[in-house]
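Step one of this worksheet: look at the structure below.
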Amino acid sequence: MTERRETDDPILSGPHWPVFFRYALPSVAGLLALTTANIVDGIFIGNYAGADALAALNLLIPYFTFLFGLALALAIGGTVRAGKYLGENRPSAASAIFSKCLMATFAIALIGALASLVSHESLYRALGASADLFPLMSEYFLIIVWVMVVQLVTMVLYYFIRVDGFPVLATTALVVGSGANILLDALLVGYLDYGLRGAAVATGIAQILQFGVLLFYISARKRRLKFQLHQQQWNEVLKAFTNGVSEWINEVSVGVVMLLINWLLITSQGVTGVAAFTVVNYLIFLSLMVFYGISDAMHVLLSHNLGAKNAPRIRTFLGCAVLVILGLGAILVLAVWFHGPALVRLFLDTGADSATAQLADTFLAILWPLFLINGLNVLLSVYLTAMHKPLPSASVALSRSLILPALLLVLIATFAPQWPLLVALPLAEWLTFTLAVTLFLRFRPQRLVPQMSTAG
C-alpha cells in the first residue's frame with residue numbers, strides 16, 4: 001500500500017524542488033493576486049476617497065481579523081488533518097473533516113454577520129473610532145459583513161482543494177477573483193466615485209466569482225474529498241481548530257495589536273497617524289502574503305510526509321522554503337530602501353495628504369528590519385502546526401503577533417516616549433525568531449517522526 005501511494009503521490013516521492021515549486025508558486029501567485037487586489041483597494045480609496053477613508057477602513061481591521069482567524073484556524077487545522085489522512089490513504093476520513101470544517105465556517109460567518117448588524121455602532125466605538133468616522137465606516141461595513149459569509153467559506157474551500165492536489169485550480173480562483181476586484185474598484189471607486197461602498201460591492205462580486213471557479217472542483221475526476229452533509233464526531237472540528245489555533249492567534253493578535261497601535265497613534269498624531277500607518281501596513285501585508293504563500297504550500301508538503309513518516313523529505317522541503325524566504329526577504333528590503341517613498345505615494349493624493357505621506361515615509365524607515373525575519377517566523381510556526389505541535393506553534397504565533405509587540409508598544413509609549421513607537425514591531429519579530437529556532441531544534445523532524453511511527 002505504501003509503494004502505491006508513493007508512486008501515485010509526487011509529494012511523497014517526486015524530485016523535491018519541482019514538487020516544492022509546483023505547490024509554492026501557485027500559492028504565492030494566488031496570495032499575491034489577493035494582495036494586489038487589497039493594495040489596489042487601498043490605492044483607489046486613498047486617492048479617490050481620501051486619507052480619512054483609509055483610516056476608517058484600517059479601524060475595522062481588528063474585527064475582520066477576528067472572524068478571518070476563526071475560519072483560518074479551521075482551514076489550516078482541518079487541512080493538516082486531511083493531508084495526514086490522505087498520506088495514510090484514508091480519503092473517507094479526510095472527506096469527513098473537509099465537510100465539517102466547511103459547515104462550521106458557514107455557521108460562524110453567518111452568526112458574525114447577524115451580530116454585526118445589531119451592534120455596529122457600538123463596535124465602532126470599541127475599535128477606537130470617533131463619531132465623525134461612523135458614516136464612512138458604515139458605508140463599507142454594512143455591506144462587507146454579508147460578503148464575508150461567502151469569503152470565509154471560499155477561503156476554507158480553497159485550502160482543502162489545495163491539499164487534495166489541485167493547487168492550479170485554487171490559484172486560478174484567486175486570480176480571477178482578484179482581477180475582478182481590481183477592475184470593479186476602477187469602475188465603482190475610481191470612475192463612478194462610490195467610495196468605500198463601491199469598494200465593498202467590488203469585493204462582494206469578486207468573491208462570488210472566486211467561489212464559482214472553485215466549484216469546478218466538484219467535477220474533477222481525481223478528487224478525493226467529497227462533501228457530505230450528515231456527519232458525526234463533531235469534536236474533530238474542535239481538534240482541527242486546536243491544531244490550527246496558531247493561525248487564529250496570528251489573525252486575532254494582528255487585530256489586537258492594530259487596535260493598540262490605532263489608539264496610540266490617534267492619541268499622539270490623530271487620524272493622520274492612523275492613515276500613515278495604514279499605507280505602510282499595506283506593504284507589510286504584501287510581504288506577509290508572499291511568505292504565507294510559501295508556508296501554505298508547506299502545510300500540504302509536510303502533512304503528507306508526516307502521514308508517510310518520511311522525516312528526511314520533511315527536512316528537504318523545509319530547506320527549500322528557508323532559502324526562498326531569505327532571498328525574497330532581501331529583495332523586499334532593497335525595494336523599501338530604494339523605492340520606499342515612491343511606494344508610499346501610490347496610495348495618497350500627495351497634494352491633499354502630504355503630511356500623511358511624509359509620516360508614512362518615517363514609519364517605513366523604522367519598520368524595514370522586520371522584512372528580513374518575519375517570513376522565517378511564519379514558516380517555523382507553520383512547521384510546528386503541520387507536525388501536530390499546536391502549543392509550540394501557538395507560542396511562536398503569540399510572541400510575534402501579540403505578546404511581544406503589545407508589550408513593547410506599551411513600554412515604549414509609557415517609559416520611552418522619545419523613541420519611535422513602531423520600533424516595537426521589528427524588535428518583536430527578531431526576539432520571536434530566537435524562540436522559534438529554539439522550538440524547532442527541540443521538535444525537529446527526526447525527533448518527531450520516529451515518535452509518531454512508534455505511536456502508530
Side-chain angles (χ1 to χ4, degrees), residues 16-36 38-39 42 171 250 254 277 279-299 301-302 314-347 360-384 396-397 399-401 404-405 408 420 422-441 444:
H16 55 272
W17 277 109
V19 173
F20 171 79
F21 283 120
R22 179 190 171 192
Y23 281 84
L25 287 179
S27 182
V28 171
L31 288 180
L32 277 178
L34 182 64
T35 305
T36 301
N38 282 310
I39 288 174
T171 299
N250 271 330
V254 167
F277 180 70
V279 172
V280 174
N281 198 44
Y282 277 114
L283 302 178
I284 298 174
F285 180 62
L286 172 63
S287 75
L288 284 174
M289 287 302 101
V290 173
F291 299 138
Y292 276 126
I294 295 168
S295 299
D296 282 348
M298 299 305 292
H299 279 123
L301 301 177
L302 299 186
I314 291 172
R315 290 199 305 271
T316 300
F317 282 131
L318 275 175
C320 294
V322 168
L323 288 174
V324 172
I325 285 173
L326 286 174
L328 290 173
I331 291 170
L332 285 167
V333 168
L334 291 174
V336 168
W337 280 356
F338 293 106
H339 302 289
L343 293 173
V344 164
R345 279 149 185 80
L346 287 174
F347 294 87
D361 290 342
T362 302
F363 288 168
L364 194 57
I366 295 166
L367 291 169
W368 69 263
L370 67 80
F371 296 123
L372 292 172
I373 208 71
N374 59 351
L376 292 178
N377 286 336
V378 169
L379 174 65
L380 292 173
S381 178
V382 164
Y383 162 77
L384 292 166
V396 174
S399 295
R400 70 169 292 270
S401 58
L404 288 176
L408 290 168
L422 295 182
V423 76
L425 302 185
L427 276 176
E429 289 285 1
W430 281 90
L431 290 171
T432 298
F433 181 63
T434 303
L435 172 65
V437 170
T438 301
L439 289 172
F440 171 76
L441 293 175
R444 53 189 183 268

State, to 0.1 Å, how close Arg400 and Pro405 come at their nearest heavy-atom pair, and which atoms those are.
O-CG, 3.5 Å
Hey, which of Thr432, Leu326, Val437 is the one that makes side-chain contact (heavy atoms from CB on, under 4.5 Å) with Leu376?
Leu326
Please confirm whether the backbone N or O of Val378 pairs with a side-chain atom of Ser381, one donor and one acceptor, at under 3.5 Å?
no
Any side-chain heavy atom of Leu379 within less than 4.5 Å of one from Val322?
yes
Classify the ring geometry between Phe20 and Trp17 as parallel (under 30°), tilted (30 to 60°) or perpendicular (over 60°).
perpendicular
Using modelled atom types and a 3.5 Å cut-off, is there a donor and acceptor pairing between side-chain atoms of Arg345 and backbone atoms of Ala342?
no
Of the non-hydrogen atoms in Pro26 and Thr171, which two are nearest, and what is the gap between them?
O-OG1, 2.6 Å
Assess the residue pair Val280 and Leu422 against the criterion (side chain to side chain contact (heavy atoms under 4.5 Å, CB included)); give the C-alpha distance rounded to whole Å, side-chain angles, the decisive distance to 0.1 Å, and a yes or no.
CA-CA 11 Å; Val280 174; Leu422 295 182; over 6 Å; no
State, to 0.1 Å, how close Val396 and Asn377 come at their nearest heavy-atom pair, and which atoms those are.
CG1-O, 4.0 Å
Interatomic distance, CZ@Arg315 vs SG@Cys320, rounded to 0.5 Å, equals 13.0 Å
With side chain to side chain contact (heavy atoms under 4.5 Å, CB included) as the criterion, how do Met298 and Phe317 come out once you've worked through the C-alpha distance, each side chain's angles and the decisive distance to 0.1 Å?
CA-CA 8 Å; Met298 299 305 292; Phe317 282 131; 3.7 Å; yes
To the closest 0.5 Å, what do you measure between CD1 (Ile294) and CG (Leu301)?
11.5 Å
Closest heavy-atom pair, Gly329 versus Leu372, reported as atoms and distance to 0.1 Å, is O-CD2, 4.4 Å
Do Phe371 and Trp368 have their ring centres less than 6.0 Å from each other?
no
When you look at Asn374 and Leu288, which way does the side chain to side chain contact (heavy atoms under 4.5 Å, CB included) test go after all the steps?
CA-CA 7 Å; Asn374 59 351; Leu288 284 174; 3.6 Å; yes
Between Phe363 and Val279, is there a side-chain heavy-atom distance shorter than 4.5 Å?
no
Enter the distance from Ser287:OG to Leu332:CG here, rounded to the nearest 0.5 Å.
6.0 Å
What distance separates Phe433 CZ from Thr438 OG1, expressed to the nearest 0.5 Å?
9.5 Å
For Ala436 and Leu380 the tightest heavy-atom approach is CB-CD1, 3.5 Å
Please report the interatomic distance CD1(Ile373) to CZ(Phe291), rounded to the nearest 0.5 Å.
9.5 Å
Is there a side-chain contact between Leu343 and Leu364, using heavy atoms and a 4.5 Å cut-off?
no
Once rounded to the nearest 0.5 Å, what's the spacing between atom CG of Leu408 and atom CG of Leu431?
6.5 Å
If we only count heavy atoms from C-beta on, is the Tyr282 to Leu346 side-chain gap below 4.5 Å?
no
